[in-house]
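This report refers to the structure that appears directly beneath it.
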Amino acid sequence: MNKKFVGTGVALVTPFNKDLSVDHKSLANIVENNIKNGTDYLVISGTTGESVTITAEEKKEIIKTISNTNQGRLPLVLGIGGNNTLSVVEEIKNTDFTGIDAILSVSPYYSKPTQEGLYQHFKTVSEASPVPVILYNVPGRTSKNMLPETIISLANDFENIIAVKEAAGDMHQYLQLLKDKPKNFLVISGDDDLALSVVLAGGAGVISVIGQALPKEFAKMIKLGLEGNVKDAYFLHYKLMEITGLIFSENNPSGIKAVFESLNICDATVRLPLVEATAELKQKITQALKEFK
């Protein structure tokens with residue numbers, strides 16, 4: 001089993017300055033804070049990192065900042081995915097994987113392929129990747145659910161497909177994956193609100209959004225869950241519940257950036273077509289953080 005991806009991974013934001021340039025200083029601070037407070041691995045350039053509005057050049061600089069700050073202390077997962085299979089393969093070929101432990105590859109969006117199309121896409125990605133592949137199923141964003149049978153087939157057929165970040169928000173689907181998966185394949189929660197339930201059912205952990213802002217408490221909750229300490233884990237789950245719900249109420253990552261702004265860690269700026277969290281949501285988040293502390 002790939003033990004390095006058991007526990008709490010965080011899908012890092014990309015902080016921006018007011019002029020929309022990447023705020024590398026704040027990014028380094030977020031990484032350092034996570035390393036020191038119990039996060040187990042870092043995910044670069046996922047949805048939460050606003051990957052679709054980041055240029056290829058900016059992506060290289062973001063990887064550099066995170067790698068230089070990390071200094072090999074935590075495993076790094078790099079988001080490389082899309083709905084043009086040939087472009088995904090091209091990006092994999094042109095990526096320097098020094099210090100990168102795996103890729104997180106999102107299921108193709110917009111095109112709405114069949115299950116066979118999804119299988120063939122990830123077969124091609126698997127064959128191109130020099131590092132392990134974590135599948136990412138998020139039908140709320142891709143408009144196509146990658147069914148458990150497809151994921152299990154990929155897990156059985158390709159040795160370097162080691163995990164799935166499952167984010168369909170469907171507990172039954174999680175349980176189906178956990179029941180049928182090969183022994184060493186990891187089922188990772190992509191839903192912060194269901195993460196503890198998934199862990200207690202046999203999941204490997206989470207790739208979290210809220211975890212990067214409150215790493216100490218969130219990582220502790222997951223650790224307790226993995227140890228089977230249900231009572232203490234749920235105590236933290238209920239404590240985190242309100243803020244977790246709030247950050248997704250308008251848009252991700254606008255919500256988590258509002259949390260960071262409230263904590264004076266980075267600006268809430270996002271790139272269009274996203275807009276910042278509303279003043280009303282920011283107020284609720286600030287209040288929830290006060291109560292959380």
Side-chain angles (χ1 to χ4, degrees), residues 1-16 22-51 54 58-80 96-104 131-132 134 162-163 165 186 188-190 192 195-196 199 204-227 233 236 239-240 243-244 247 252-253 256-257 259-267 289 292-293:
M1 188 188 281
N2 275 276
K3 290 260 166 67
K4 58 174 79 167
F5 305 119
V6 171
T8 301
V10 295
L12 292 164
V13 296
T14 302
F16 298 124
V22 177
D23 178 359
H24 289 277
K25 191 180 172 203
S26 293
L27 179 58
N29 288 341
I30 291 166
V31 169
E32 191 59 46
N33 188 45
N34 273 271
I35 292 168
K36 286 180 173 165
N37 285 291
T39 295
D40 296 299
Y41 61 100
L42 305 168
V43 179
I44 307 166
S45 226
T47 312
T48 307
E50 292 174 70
S51 54
I54 299 284
E58 284 173 329
K59 190 170 181 177
K60 282 181 190 164
E61 292 302 313
I62 288 163
I63 295 166
K64 198 161 139 191
T65 295
I66 293 167
S67 296
N68 289 346
T69 309
N70 183 46
Q71 293 289 316
R73 288 176 287 175
L74 295 185
L76 300 179
V77 177
L78 179 62
I80 303 183
D96 175 5
F97 283 99
T98 308
I100 302 293
D101 297 272
I103 64 169
L104 176 70
V131 295
I134 299 171
I162 60 158
K165 178 189 177 186
L186 306 178
I188 298 167
S189 175
D192 280 355
L196 180 57
V199 164
V206 64
I207 293 175
S208 173
V209 176
I210 191 62
Q212 67 194 300
L214 303 167
K216 195 175 276 183
E217 295 84 358
F218 201 92
K220 176 105 186 282
M221 174 188 79
I222 297 298
K223 189 170 182 289
L224 289 166
L226 287 165
E227 289 166 357
L236 284 169
K239 199 178 168 190
L240 286 154
I243 191 75
T244 301
I247 66 163
N252 179 46
I256 184 66
K257 284 192 167 180
V259 172
F260 277 132
E261 184 180 71
S262 189
L263 295 169
N264 294 315
I265 291 170
C266 75
D267 206 75
L289 285 168
F292 181 81
K293 285 173 183 172

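Note: hydrogens, waters and symmetry copies are ignored here, and every other heavy atom, side chains too, is used.
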* To do: Using the side chain to side chain contact (heavy atoms under 4.5 Å, CB included) rule, take Lys59 and Ile63 through it: C-alpha gap first, then chi angles, then the decisive distance, then the call.
  => CA-CA 6 Å; Lys59 190 170 181 177; Ile63 295 166; 4.2 Å; yes

* Decide yes or no on side chain to side chain contact (heavy atoms under 4.5 Å, CB included) for Val77 and Ile134, but give the supporting numbers first. => CA-CA 9 Å; Val77 177; Ile134 299 171; 4.2 Å; yes

* Asked: Do Leu289 and Ile243 pass the side chain to side chain contact (heavy atoms under 4.5 Å, CB included) test, and can you show the C-alpha distance, the side-chain angles, and the key distance before you say yes or no?
  -> CA-CA 7 Å; Leu289 285 168; Ile243 191 75; 4.0 Å; yes

* Passes side chain to side chain contact (heavy atoms under 4.5 Å, CB included), Ile30 versus Leu12? Steps please. -> CA-CA 8 Å; Ile30 291 166; Leu12 292 164; 3.9 Å; yes

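Shown here for Pro132 and Asp101, the closest heavy-atom pair between the two residues is CD-O, 3.2 Å. In this structure, Gln212 and Ala11 approach most closely via the heavy-atom pair NE2-O, 2.8 Å. The two atoms that bring Ala213 and Val259 nearest to each other are CB-CG1, 3.7 Å, heavy atoms only. When all heavy atoms of Phe292 and Leu240 are compared, the pair lying nearest together is CE1-CD2, 3.7 Å. Annotation for Thr39 and Asn34: closest pair OG1-OD1, 2.8 Å, computed over non-hydrogen atoms. Between Ala195 and Val206, the closest heavy-atom pair is CB-CG2, 3.7 Å.
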Quick one: side chains of residues 214-224, donor-acceptor pairs under 3.5 Å with protein atoms, not counting sequence neighbours, listed by atom name and distance.
from: Lys223; atom 1: NZ; to: Glu227; atom 2: OE2; distance (Å): 2.9

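In this view, Tyr41 and Phe5 satisfy the ring pair (Phe, Tyr, Trp, His ring centres under 6.0 Å) rule, not counting sequence neighbours. Not counting sequence neighbours, the partners of Glu32 by the side-chain contact (heavy atoms from CB on, under 4.5 Å) test are Lys36, Thr69, Arg73.
Rounded to the nearest 0.5 angstrom, Ser26 OG and Glu261 CD are separated by 11.5 Å. Atoms NZ and CG, on Lys257 and Asp267 in that order, are 8.5 Å from each other to the nearest 0.5 Å. Taking OG1 from Thr244 and CD1 from Ile256, the interatomic distance works out to 9.0 Å, rounded to the nearest 0.5 Å. Interatomic distance, Ile207 CD1 to Lys165 NZ, rounded to the nearest 0.5 Å: 5.5 Å. Atom CD1 of residue Ile210 and atom CD1 of residue Ile247 lie 4.0 Å apart, to the nearest 0.5 angstrom. Taken to the nearest 0.5 Å, the CG atom of Asn252 stands 4.0 Å off from the OG1 atom of Thr48.
Between Val43 and Val10, every side-chain heavy-atom pair lies at or beyond the 4.5 Å cut-off. No side-chain heavy atom of Val199 sits less than 4.5 Å from a side-chain heavy atom of Ser189.
The side chain to side chain contact (heavy atoms under 4.5 Å, CB included) with Ile44 is formed by just one residue from the set Val31, Leu78, Asn70, Thr14; it is Leu78.
No side-chain donor-acceptor contact under 3.5 Å links Asp40 to the backbone of Gly9.
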